[in-house]
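Some notes on the structure that comes next.
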Amino acid sequence: MALESYVPVVIFAVVALLFPLGTFFATRLFRPDHPTPLKDLTYECGEVPEGEAQIQFHFQYYMFALIFVIFDVAAIFLLLWAFAWGGLLTSASPVAKFSIFLFLGIMFVATQYALKKEEVIQI
Amino acid sequence: MPEFWINMGPQHPMTHGLWNMKVKVDGETIVDAKPEIGYLHRGYEKIMEVREFQKNVVLTDRLCYVSSITWSHAYCLAVEKMMGIETPERGQWIRVISLELQRIASHLMWLASYGPDLGLLTGLLWALRERELFLDLIQLMSGARMNQNFPRVGGVRNDLPENFEAMCRRSIEHFLEKYENEYQAIFQESKVFRMRTEGVGKITVEEAINWGITGPNLRACGVDVDLRRLDPYETYGEIDFEPQVWHDGGAGDSYARFVCRFNELRESCQIVLQALKKMPKTGPYRVKPPRRAEGEGYAKTEDSRGEALFYVIGDGDDRPYRVKIRSPVFCTMAATPTLLRGNKLADVVSILGSVDVCVGEMDK
Amino acid sequence: MSAPLVPDLFGLCKVLTAAIIWIVQQIIYALAGPIPPLAGLGDFLGTDFVITLVTWLIVVTVVVLWVTVINLFTIMWVERKLYSRLQDRYGIMISVWSLPFWPFNRTRRPTHRGTGYLQNLADGIKLIQKENITPRNADSAMFHISPVLIASSTLMAFAVLPWSSGFYVANLDLGILFILAAFSLAPLGILIAGWSANNKYTLVGGLRAAAMLLSYSIPAVLAVIALVFFTGSLNPIVIVGQQDRPIVLAGTTLPIPAWYVFGPQFLGFLVFTVAMIAEMERVPFDIPEAEAELVEGWTTEYSGMRFGIVFAFKWLRMLAASGLISILYLGGWSGPVFATVFVGSIPIPIFPEEFWFVLRVYGLSAFFVVLSWSVPRVRIDQILNIGWKRLIPYSLLAILIAAGFRVLG
Amino acid sequence: MSALAKPLPHITGRPVPGVEKEVLAGLKAAFASKLKDAKAVRERLVEIVIDRADLIDVCTYLKNTLGFEHLSCITAVDWKDHFESIYHIENYYNGCMVQVNAQIPYDDPKIASLTGLWHAADYHEREAWDLMGVEYEGHPNLVRILLPEDFKFHPLRKEFAQEVDRQYISRRKLRGGK
């Protein structure tokens, strides 16, 4: 069964999770722990930090998340299509065979257009 | 509120020394900048008022440890102007040689620090490797690698050692070979390097002159001003050399500043070779300066970072009444907000690296 | 065409486990005389479930140790030594032979005459003794979780990355996709790390990292899709098997291996390699921790071993990325020499598949090292420009080429 | 004089011989009565002494008419009975430098700011105020630049004795600690 082959992955995940955790806990035995107010200050190049860093950040960063989601969906579709490609080639229907090129062509043109329109990718 | 101030300094990899560049960013774009200096202020102008003329040379050496000789030379020149004495000819030639060697060493230090600013640590080690050659030459000449205390009021400390000319030629030959083959490849011909430096930190000629930017930074704007030729001191008037001015388009950006400085390395080598050929083989290299002096004297010299100006007033005592140091970096620093505004946060290093900041001389 | 040194890691470990468990069982049965309930424990240990579970644990531990102890230290040593030579200096020098206890080396501290392999270990020991500082204003829980997330997700890539046709933990049909998924988990951890430290440098670094890694995971996936048109599978072992033959061009067999890089996939290879350089955050794409302007980027507030883990896992990402590239495009572990010596009746290959694979991985890593130490860093908007305006169109083009080639023949 | 009335179109980067006499003549023609002293000290160096009231006029004339575009340096000097604010203004077209000594009475150390003419005056005037205590009226941001903001003295004045009035600056002290 296919699911069975994931058992080692699960075990690996547990070990991989324990590896850094174990390292952090193991270092407790060796390291000192003397927090002072000055030491616990946020690092700001030796100056006293001014203002908060956790601010509402620039919108441009979220644009990437949006574009990424769009491309991700397209990528999943293409991946499934690529898997099925071998079977489709043998099937006689030319529609099934060549519709990918239509899709890819539209995607290519659309991407080019969008990126041309967004002259500089700001951040 | 997407804008906030970021402190770059005093403990920051970008600041080669102690100073603070406060940058206000909106996302990644710089909206405003505010340099804060004075961390390294040592009160030079006050200390120099209580030391004798000759003993101040040791202080001016430490104004900028990267280019000591150019600074102490500027001081000596100003004091000589005040006292009305002149260095013998051979002494002037030795000074020219030492100045140019120091300029090369200083520019190599700048090149070395510009590399890691842009993420190129290899540039640092390569440039420092060749800097050793010139530090060795300076050591041969003056006895010390840094803080040489070499120029004196009335001349230089000592004559050139034997075989200096041959060693100088050999070092420069070796350096120029590396320059043509390695530095050009890693800096100037690198596509990524040009991507990072071209078109950032632009400043127009009018703004640059108005802000008092001098030296290679001004020449990068296309202004043909080199004090070695515009107001010749020592024997620079007899030397045939070409100030490195950026003539192509896109003047005043980081790349132009880089190219001007970078080409000055080669030009300085040519000056040294010329000076070695033209200088008299023997003769006095120092005159005895008077102990006390009255009057005022100023000297402006082409430091490796721009126009260094010393203004010395004596009141008849054996120590100066008032010394004023004009540091080129101090004036450039005033213009940095203009340079930075509108660029990206990552360009701060590309711009401030290219203007070559030396905190010692800036804070005096 | 070569044979693996470890034909079947699970089988090998199972023999070992069975032997160990048998010995433990005998001890338990011997003790079961005075304490009868122990006999049930002995029987339970003998069950197939326990043996399989313990075997998997051993397999996983072996792979984790192989990756983190042997390969990680070696790759760090290779990088540090290589770029030192690039910069005309010796680089790290403390090694086994420079330790003070050798008869020819009776000094009080390690001398600097070795090859430097122990330097990374020394650094690790130093980092272990360092204090872990948590900033007062930081979001403590998130601040502590994110290094674990980054480290574990990176390590997860090795769960399905085979080191030869026999040396692997799991053989998944979607192995390549799994590795890419493990790679794309790291931006989340980096974003959390950048946000939680409540520091401006980490914030900007974390957001840069997120934007960059997201942008570059799309071309990587698209390049893999272009490859899938040819392979029809995402199983790394199958993909390598397909490349383990000479190229046949117009009926003649050429003396060139049929790696996917020699063919219509070349564009995809270039796109994938560039995307992987960005994914492993190396110069020229190391903008998230651009030390010149952001001190240390999103790792600024980490100290002690927490920094060490986060820092060292960059090399693990490099290992995984190099392995992925060599599996997909460079023929994986297929080697040219097949020579075995027989110890008794057990055949032992002189140049096993693992050797060829590790050779490729290290060769690629060396290429990345040389590249990253000879160019400056690219600015973030330029990086995103390259990602969106160059790599994505090119990867779409690669898909078109791949599909076209399949249609034509 | 005629060549200097309008700036040359190009900066040649070479000195013009005898230029100091032309500059001196031009200055004398424009501000005959206001110049307390004017002399060509040596080649390419002119020195004039003016009162602080005429500073802006002289500098505007120098910059706009004679082409002295570069303000090199501003020095404040404590002459014990009066202050002097000394401006070194440089001409890039011919390499000439004019030294303007503006005299300021001791009990009222104020002079007009040149920031309207040159941006470069910004930092120089801040420094001169910081170290010498000469107040530049009209400066947009006249705060201490090299010394800490709570420093009490102007150390370059002759009355500031180095050994007596030393103010120990310690971070801990500034924060209110011991």
Side-chain angles (χ1 to χ4, degrees), chain B residues 35-43 45-47 49-50 81 205-214 218-219 222-232 237 243 245 295-298 300 307 309-311 313 315 321-328 330-335 338 362-364, chain D residues 10-16 41-45 47 63 69-80 84 86 88 90-97 99 101 117-124 126-128 130-132 141 144-149 151 155-158 160-163 169:
Chain B
E36 279 188 2
I37 61 176
Y39 289 87
L40 210 59
H41 180 59
R42 291 153 290 174
E45 293 172 3
K46 190 74 178 174
I47 302 173
E49 286 174 13
V50 296
K81 292 265 170 66
V205 181
E206 293 77 25
E207 286 260 286
I209 294 179
N210 205 342
W211 276 111
I213 293 177
T214 47
L218 183 63
R219 289 197 285 278
V223 186
D224 189 358
V225 170
D226 192 325
L227 294 180
R228 287 174 286 179
R229 202 168 68 176
L230 186 64
D231 187 12
V245 187
E296 57 180 45
Y298 96 98
K300 55 178 200 258
E307 176 185 325
L309 186 142
F310 262 89
Y311 180 57
I313 302 175
D315 64 342
Y321 183 76
R322 172 87 168 89
V323 181
K324 170 71 186 179
I325 305 163
R326 191 258 190 209
S327 149
F330 183 76
C331 306
T332 315
M333 194 48 62
T338 317
M362 177 171 75
D363 285 350
K364 297 191 263 289
Chain D
H10 281 295
I11 294 177
T12 55
R14 291 186 189 281
V16 178
V41 181
R42 57 168 202 255
E43 220 180 14
R44 297 187 292 278
L45 176 62
E47 190 181 324
K63 188 190 175 199
E69 290 185 345
H70 173 53
L71 173 67
S72 181
C73 190
I74 297 178
T75 316
V77 183
D78 178 9
W79 285 109
K80 286 180 183 149
E84 231 174 20
I86 301 173
H88 288 98
E90 194 178 342
N91 192 328
Y92 279 153
Y93 298 99
N94 47 34
C96 184
M97 168 92 75
Q99 179 180 332
N101 291 19
L117 282 173
W118 287 286
H119 293 315
D122 186 339
Y123 268 35
H124 288 306
R126 272 175 78 183
E127 188 200 347
D130 188 1
L131 300 177
M132 192 61 91
N141 182 27
R144 289 197 182 267
I145 181 167
L146 292 176
L147 298 172
E149 279 190 16
F151 200 78
L156 276 187
R157 287 190 181 187
K158 290 288 170 188
F160 178 85
Q162 280 190 11
E163 302 304 324
I169 309 154

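All chains are named by letter (A, B, ...) in the order of the sequence lines, taking the proteins before the strands, and each is independently numbered beginning at 1. Computed over heavy atoms, backbone and side chain alike; hydrogens, waters and symmetry mates excluded. Nothing here was measured: the structure is a model prediction, and the numbers come from that model.
Counting heavy atoms from C-beta on, the side chains of D:Asn101 and D:Gln99 come closer than 4.5 Å.
Counting heavy-atom pairs closer than 4.5 Å to chain B, the top-ranked of the candidates D:His119, D:Glu127, D:Met97 is D:His119. Contact tally against chain D (heavy-atom pairs below 4.5 Å) for B:Ile313, B:Asp315, B:Val225, B:Leu40: the top residue is B:Val225. Of the listed residues D:Arg42, D:His124, D:Glu43, the one with more heavy-atom pairs under 4.5 angstrom with chain B than any other is D:Arg42. No other option in B:Asp363, B:Leu230, B:Leu218 has as many heavy-atom pairs under 4.5 Å with chain D as B:Leu230. Taking B:Met333, B:Lys364, B:Met362, B:Lys300 one by one and counting their heavy-atom pairs under 4.5 Å with chain D, the maximum is reached by B:Lys300. When each of D:Val77, D:Ile74, D:Val41 is checked for heavy-atom pairs under 4.5 Å with chain B, D:Val77 comes out on top.
The contact between D:Ile145 and chain B is made by backbone and side chain atoms together, counting heavy-atom distances below 4.5 Å. Residue B:Pro232 touches chain D through both its backbone and its side chain, counting heavy-atom pairs closer than 4.5 Å. Looking at B:Ile213, only its backbone comes within 4.5 Å of chain D, counting heavy atoms on both sides. Heavy-atom distances place both the backbone and the side chain of B:Glu45 under 4.5 Å from chain D. Contact annotation for D:Leu117: only backbone heavy atoms (N, CA, C, O) come within less than 4.5 Å of a heavy atom of chain B. Using a 4.5 Å cut-off between heavy atoms, B:Tyr311 contacts chain D through its side chain alone, with no backbone atom that close. B:Ile209 touches chain D through backbone and side chain together, each having a heavy atom under 4.5 Å away.
With respect to the salt-bridge test (charged N to carboxylate O, under 4.0 angstrom), the residues B:Asp224 and B:Arg219 do not qualify. We find that B:Arg322 and D:Glu84 are not joined by a salt bridge, their nearest charged nitrogen and carboxylate oxygen being 4.0 Å or further apart. With respect to D:Asp78 and D:Lys158, no salt bridge is recorded, no charged nitrogen being found less than 4.0 Å from a carboxylate O. A salt bridge does not link B:Lys81 with B:Glu296: none of the charged nitrogens is closer than 4.0 Å to a carboxylate oxygen.
In this structure, the side chain of D:Asp130 engages the main chain of D:Leu147 through a donor-acceptor pair within 3.5 Å.
Residues B:Glu207 and B:Thr338 bring no donor and acceptor atom of their side chains to less than 3.5 Å of each other.
The aromatic rings of D:Tyr92 and D:His70 sit parallel to each other, their planes meeting at less than 30°, with 60° as the upper class boundary.
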